[in-house]
Amino acid sequence: MQLTMTTDYAIRCLLYLSQNNGVSTSQKVREFAQISSDEHTRKILRQLKYGGLVRSDKGANGGYALARPLSAISFLDVVRCTEDSVRFNRLSSIDPSEYTEQQKAVAGFYSATQQMLEEYLGSITIQEILDGKLPTWGKLN
């Protein structure tokens, strides 16, 4: 799995909105996040809105704001808003009855890795990343 730039831009959008307590225009978000077009910025903000991470207010004083604090937004929340898939491997999308015996063994590994990936990404909030408080994971530390 390789994350797209859209996920990085989405994180930047959230960071700007967290620093700018209140409502902000998509133009200001775009400038901070260094996104090349207003259209792409609005698309990312819509994805974050549909995911419940951002809210939008209409009207003369309208714009975008965080729907919840960064301490309540996991990295997995953002990935689910911006990526087509969180799948570690395409084998996890194949009907298990079509596996060979070797594929079943490997599929078990892929399944366990998928579960660990989602649990890890879901356990880290954007605020924890900013604070440098990443959870320990096995022998990585």
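We use all heavy atoms of the structure for the numbers below, so side chains are in, but hydrogens, waters and symmetry mates are not.
In terms of heavy-atom proximity, Thr82 sits nearest to Ala10 at CG2-CB, 3.6 Å. When every heavy atom of Leu53 is checked against every heavy atom of Cys81, the shortest pair comes out as CD1-SG, 3.8 Å. For Cys13 against Ile44, the heavy-atom pair with the smallest separation is SG-CG2, 4.2 Å. Scanning all heavy atoms of the two residues, the minimum distance from Gly122 to Ser74 falls at O-CB, 3.5 Å. Closest of all the heavy-atom pairs between Val23 and Gly62 is CG1-C, 3.4 Å.
Among residue pairs with one or both ends in residues 65-76, those qualifying as salt bridge (charged side-chain N to carboxylate O under 4.0 Å, His left out) are Arg68-Asp77; sequence neighbours excluded. Counting only residues at least two apart or on different chains, the salt bridge (charged side-chain N to carboxylate O under 4.0 Å, His left out) pairs with a member in residues 9-28 are Asp8-Arg12. Residue pairs meeting the salt bridge (charged side-chain N to carboxylate O under 4.0 Å, His left out) criterion with at least one member in residues 47-62, sequence neighbours excluded: Arg55-Asp57. Among residue pairs with one or both ends in residues 37-47, those qualifying as side chain to side chain donor-acceptor pair (under 3.5 Å) are Arg30-Asp38; sequence neighbours excluded. Sequence neighbours left out, the pairs with a member in residues 18-39 that pass ring-ring contact (aromatic ring centres under 6.0 Å, His included) are Tyr16-Phe32.
Thr125 contributes atom OG1, which lies 12.5 Å from atom CG of Leu76 (distance to the nearest 0.5 angstrom). Note: Lys104 NZ to Ser111 OG = 14.5 Å, rounded to the nearest 0.5 Å.
Two residues are said to be in side-chain contact when any heavy atoms from C-beta on lie closer than 4.5 Å; Leu66 and Leu70 meet this criterion. Residues Ser56 and Tyr64 are in side-chain contact: their nearest non-hydrogen atoms beyond the backbone lie under 4.5 Å apart.
With hydrogens and angles disregarded, no donor-acceptor distance shorter than 3.5 Å links the side chain of Thr7 to the backbone of Leu3. Glu83 places a side-chain N or O within donor-acceptor distance of the main-chain N or O of Thr4, the cut-off being under 3.5 Å.
By the rule that hydrophobic residues join a cluster once side-chain heavy atoms approach within less than 4.5 Å of another member, Ile11 and Tyr120 end up as members of one cluster.
By the ring-ring contact (aromatic ring centres under 6.0 Å, His included) test, Phe75 pairs with no residue at all, sequence neighbours left out.
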Show the numbers, then the answer: is there a side-chain contact (heavy atoms from CB on, under 4.5 Å) between Leu15 and Leu130? CA-CA 9 Å; Leu15 293 177; Leu130 294 176; 3.5 Å; yes
Test side-chain contact (heavy atoms from CB on, under 4.5 Å) applied to Val54 and Leu14, step by step: CA-CA 8 Å; Val54 166; Leu14 294 172; 3.8 Å; yes
